[in-house]
Amino acid sequence: MDARLNHELFKRYAGNPILSVNEWPYGANSVFNAAAAKVHGKTVLLVRVEDFRGISHFTVARSADGVTNWDIDPSPTLLPDPQGHPEELWGIEDPRITRLDQLQRWAVCYTAYSKGGPLVSIATTADFQSFERVGAVMPPEDKDAALFPVRFNGLWAMLHRPVPKSPELGAHVWISFSPDLKHWGSHQEVIHAREGGWWDAGKIGLCAPPLETKEGWLVLYHGVRTTASGSIYRLGLALLDLEDPTRLRYRTDEWIFGPKARYEREGDVDDVVFPCGWTLDDGTVHIYYGAADSCIAYATAKLDDLVGYVKSFRCPEKAST
Ligand code: BMA
């Protein structure tokens, strides 16, 4: 394995960051961790905006080329609704968008920051202007959730990351199933955080929604490395079986992307790259990632390179932990 290869998979855009509070039409502390979708040929970002109270909401930004000339809603697109949804008391964070063709709608999984801790909520939309809440679907603490775009044996599937009470048990990616997006069950762990000195030891979480490829569901996940001077958020890849997404087939040993550029290394939270969305066209994957919890950056990779790279690592965690 060429150790340099992993740093060449994603190419950073030279004009990064592509969005920050400097472009925002109203005052905000930071804009980061945006979901992404292609809607009528345009790239739509559902951006996490943190206000000066520390509470987050979402605002839509649209661009024809997915990189420049962002048309940003002049005021918040989706605000937390603590009256109707008490679980949103301290804001809504880190959205992930999945197109559900069967429902002719987009589903947004997001973190609702409740008094009991962060939990997973879902809302749907047909136009990114009005949203219908499904509500809270997983109790706290649980976040980093996204839906698969299709049903498996008639059931919707969702990846998410529950956190056990004892931190030494680690926080892992789970999969759950639902007939109606509201009621979830058949919970099982699908990607296990590694242990010891690994870059993804102890705590991992889904980044962008699972991406369908001929070879399986491509999963981009973050690993959190705890160091003496704070946490480092880096990214790895996994491939789940196309027919049975409870089966982890491949997983990279090395991280494929980590904080390097200044805007990733310094911000409200240093050393964080945190993509909540990616889009695919003509074999190119476009990732949109929060950098240092302060701005949004953009990078591209070839889908074939990502799939080829993850397949060059034989899965099984048991061997690696
Ligand atoms: C995670 C989430 C993200 C954030 C990251 C780094 O737990 O809360 O929203 O970007 O921490 O601070």
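Atoms within a ligand are numbered from 1 in the order they appear, just like the ligands themselves.
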Visitor: Taking the six-membered ring for Trp, is the centroid-to-centroid distance between Phe313 and Tyr250 below 6.0 Å?
Guide: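 That pair fails the under 6.0 Å test.
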Visitor: Could you point out which residue of Phe274, Tyr233, Tyr289 forms a ring pair (Phe, Tyr, Trp, His ring centres under 6.0 Å) with Phe257?
Guide: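 With Phe257 as partner, Phe274, Tyr233, Tyr289 yield a single ring pair (Phe, Tyr, Trp, His ring centres under 6.0 Å), made by Tyr289.
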Visitor: As a test of reading the model: which residues have a non-hydrogen atom less than 4.0 Å away from ligand 1?
Guide: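 Around ligand 1, where the cutoff is 4.0 Å for heavy atoms, the contacting residues are Asn33, Arg48, Asp94, Lys143, Tyr233, Val269, Val272, Phe274, Asp293.
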Visitor: What pairs meet the ring-ring contact (aromatic ring centres under 6.0 Å, His included) rule with one or both residues in residues 47-88, with sequence neighbours excluded?
Guide: Tyr26-His57, Phe58-Tyr110
Visitor: Are Trp106 and Phe128 near enough that their ring centres are under 6.0 Å apart?
Guide: yes
Visitor: Once ring pair (Phe, Tyr, Trp, His ring centres under 6.0 Å) is applied, do any residues pair with Phe148, and if so which ones, sequence neighbours excluded?
Guide: Phe152, Trp217
Visitor: For Asp200, what residues pass the salt bridge (charged side-chain N to carboxylate O under 4.0 Å, His left out) criterion, not counting sequence neighbours?
Guide: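 In terms of salt bridge (charged side-chain N to carboxylate O under 4.0 Å, His left out), with neighbours along the sequence ignored, Asp200 is linked to Arg194, Arg251.
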